[in-house]
Visitor: 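If you scroll down you'll find the structure; I have some questions about it.
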Amino acid sequence: MAAQAMALGRPRAFGALNSRWHERALQAFGAIVVLHWVEHVSQAVQIWVMDYKKPEARGLLGAQWPWLIKSEWLHYGFAIFMLVALGLLLPGFTGRARAFWTVAFAIQ
């Protein structure tokens with residue numbers, strides 16, 4: 001796969017990302033997605049369990065850096081990260097997994 005990547009003019013790191021580093025890259029990607037969900041769940045807990053008003057429910061990161069929640073930079077950054085990561089990791093999939101990954105990329 002790395003030889004094919006180089007033949008297509010892609011950097012060696014790109015080929016490695018979708019071969020020997022693919023599992024680790026997916027683990028990192030999954031961890032970031034889970035952290036995003038933790039942020040949403042913490043906001044839901046703040047609203048529904050701790051009885052915060054919606055503007056005061058900033059989640060974990062927003063409690064530390066309120067401008068992230070007020071400006072929506074957290075979501076914009078995450079959306080860009082998802083688009084780039086989905087696109088970079090797509091070539092490492094085959095078969096049914098590639099079909100699902102392609103759908104996720106299209107949705108994003």
Visitor: Got a list of side-chain donor-acceptor pairs under 3.5 Å for residues 101-108, not counting sequence neighbours?
Guide:
unit_1	atom_1	unit_2	atom_2	d
W101	NE1	L86	O	2.9
T102	OG1	R98	O	2.7
Q108	NE2	A79	O	3.1

Visitor: Where is the tightest heavy-atom contact between G87 and P91, given as atom of each residue plus distance?
Guide: O-CD, 3.5 Å
Visitor: Which atom pairs, donor and acceptor, lie under 3.5 Å between side-chain atoms of residues 50-62 and protein residues at least two apart or in another chain?
Guide:
none

Visitor: Using side-chain heavy atoms (C-beta onward) and a distance below 4.5 Å, is M82 in contact with I32?
Guide: no
Visitor: Just jot down the side-chain contact (heavy atoms from CB on, under 4.5 Å) partners of I80, sequence neighbours excluded, or say none.
Guide: V84
Visitor: Closest heavy-atom contact between L89 and H22?
Guide: O-NE2, 3.3 Å
Visitor: Does F81 have any ring pair (Phe, Tyr, Trp, His ring centres under 6.0 Å) partners at least two apart in sequence or in another chain, and if so, which?
Guide: F29
Visitor: With sequence neighbours excluded, tell me which residues meet side-chain contact (heavy atoms from CB on, under 4.5 Å) with W48.
Guide: A44
Visitor: Can you name the side-chain hydrogen bond (donor to acceptor under 3.5 Å, both in side chains) partners of E23, sequence neighbours left out?
Guide: none
Visitor: Is F100 isolated, or which residues cluster with it under the ILVMFWY side-chain rule of less than 4.5 Å, directly or via members?
Guide: none
Visitor: Would you please name every residue forming a side-chain contact (heavy atoms from CB on, under 4.5 Å) with L35, sequence neighbours left out?
Guide: none
Visitor: Going hydrophobic residue to hydrophobic residue with side-chain gaps under 4.5 angstrom, can you get from L83 over to L17?
Guide: yes
Visitor: With sequence neighbours left out, write down each residue that passes side-chain hydrogen bond (donor to acceptor under 3.5 Å, both in side chains) with R96, or none if nothing qualifies.
Guide: none
Visitor: Applying ring pair (Phe, Tyr, Trp, His ring centres under 6.0 Å), name anything that partners H36, two or more places apart in sequence or on another chain.
Guide: H40, H75, F78
Visitor: State, with a plain yes or no, whether a side-chain heavy atom of F93 is found less than 4.5 Å away from one of L26.
Guide: yes
